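What you see is a predicted model, and the numbers here were worked out from it, not measured in a lab.
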Amino acid sequence: MPLRSSFRCSKFRHVFGKPATKEHSYDGVPITTSVHDNHYCSANPCFIAVVTECAGGGAFLVLPIHCMGRLDPQFPRVCGHSGRVLDVKWNPFDDYCVASCSEDCTVKVWDIPVCGVQQNITKARKTLIGHSRRVAIIEWHPTAENLLLSSGYDYKVLLWDVSQVGTVIRHPVRVVLMPIHHRYPSEALLLSVSFNTDGSRLAVTSKDRRIRVLEPRTGKILQVSSNKTHRANKVLYIRGSKMLLSTGSSPWNHRQIVLWDPDDLSEPLYEEDLDGSAGVLFPFYDSDTQMLYLAGKGDGNIRYYELSSVKPYISFLMEFRSQLPQKGLGVMPKRGLDVNVCEIFRFYRLIAIKDLVEPLSMIIPRKQSGIFQEDLYPMTAGNQAALTAQEWLLGINRGPVLMSLRPRAHVENPYAEIPADKGQLRQLSSLRFQMGPADGAVTNTKLDFMERAFLEEQLAYQHAKYPRDLSDLSGWQPDEMECPLWTYGCTPHCCEPAEKPPPTTESELLQAFYKQQDEIRGLREELHHKDVRIAQLELEIKNRSNLRATF
């Protein structure tokens, strides 16, 4: 009987790491000597932020992404903290907004000028004061704008709305975890946090080395893992599949990676021992390519794997090796990668012994360079928020707004409000401005019912016009003469056919189908929002009627 081959076919098995030369790195950066298990670095397509040493307080550098080479020792810094900076994170929906936390018990949100930092910045846009001890972890919400989570050594986990008025915010919008009756539980001292795709769940690892899945709006603990066979240090939601990944150590102090079902943390799905090193393993996951990267603090290597939703779940691809150990790593968002050279991931390695920040590109070799590879770059999370902080606090969940990495592609928000200057919505807006204060609540309710009826009619139109699943795609062709932004005030021939040619290939037909499904999903979300608004107004009317009856 012939032996079964263990070879696994994958288009990512030839991925290689390409470090930048010294001329294309950031040299002379005084990297912090802090011993916390954080990345100390954050990147976006415009800037890279690196925590640095600063006498008499805490500071970090904000370097333009294309300003490489030797750094001026007098380069201006962001130095408004009175204690050592422990973490920095860029706002995923604003490339000129960065948050930092510090040993001075505060979290600050900074505005970075478009031209970069020209002089020392000491005044923050927002200062969040709610912790009584040093703040070690901050994390932006993945889909809702202006929501920032912070965790400190006072056993508090707070959720802030940084859009509130005033430069100093003292009251968070949610208290996720906090001590009760002067009892300081070890599960409230967090080591790492990770939101799921739509931000409706929060996975954390704590000082007791267990994994917990929380409901971030209420702080309710939904699942708790056991620490008998795995002591977790870092946790990560595997977005796009129903799994959690954690890194930590075994009872024999071997570094481990473990996969979990987030709905059942009683037993792991997969468990693998790696080595006997002592450095913390940082996991990074790319949901577009389903690749997992493991980088150890103090190591010079980065392992990468390919994940799947079926057994054996994980398969080793290759390993990048370097003689220079990394203290931390930053990651470039997908929208900042160079698609012309088939770059699928980019790290920024902090090499403290050389005062060097080294870009490391993960590249897939392809024969046709300079051509956009559609199989490598599917639709990915963009820089537009799917909902506001108030909508998320009311219980609405939405996935990220997707964008194409194809050059000069237009980003369309499926959750965007329907334009108010067309047709019926323009009339509704004018009625809303003309109504008086005496009957405002009742008129608002009527208008919400009218808008909901309009959305229901539009949703029915979309379902009647376009197929509901892939089985209905055969023989279907969209009307090239019809406007894709159909409203009551839009005629069937308001758009020129040249602006939206009909799909000619199967790939274009699928893209049109998926785009229409996103529009239908957005209409359903708007219907849900209207239902919530109608219920609130009906409750307000009932309360006013009861109040009048008592008098």
If you measure from the Lys or Arg side-chain nitrogens to the Asp or Glu carboxylate oxygens, is any gap between [X] and [Y] under 4.0 Å?
{"X": "R84", "Y": "E53", "value": "yes"}
{"X": "R406", "Y": "E374", "value": "yes"}
{"X": "D299", "Y": "R321", "value": "no"}
{"X": "K242", "Y": "D263", "value": "yes"}
{"X": "K297", "Y": "D37", "value": "yes"}

Between [X] and [Y], does any side-chain donor sit less than 3.5 Å from a side-chain acceptor?
{"X": "S100", "Y": "H81", "result": "yes"}
{"X": "S25", "Y": "D27", "result": "no"}
{"X": "E306", "Y": "S315", "result": "no"}

Minimum heavy-atom separation for A203 to Y237, with atom names? CB-CE1, 3.5 Å
Any chance CD of E267 has more than 12 other-residue heavy atoms, nucleotides or ligands included, within less than 6.0 Å? no
With no hydrogens and no angle check, is any side-chain donor or acceptor of N38 less than 3.5 Å from a backbone partner on L86? yes
Using the ring pair (Phe, Tyr, Trp, His ring centres under 6.0 Å) rule, pick out the option among Y304, F347, Y348 that qualifies with F284. F347
Would R125 and W110 count as a cation-pi pair here, with the cationic atom under 6.0 angstrom from the ring centre and within 45° of the axis? no
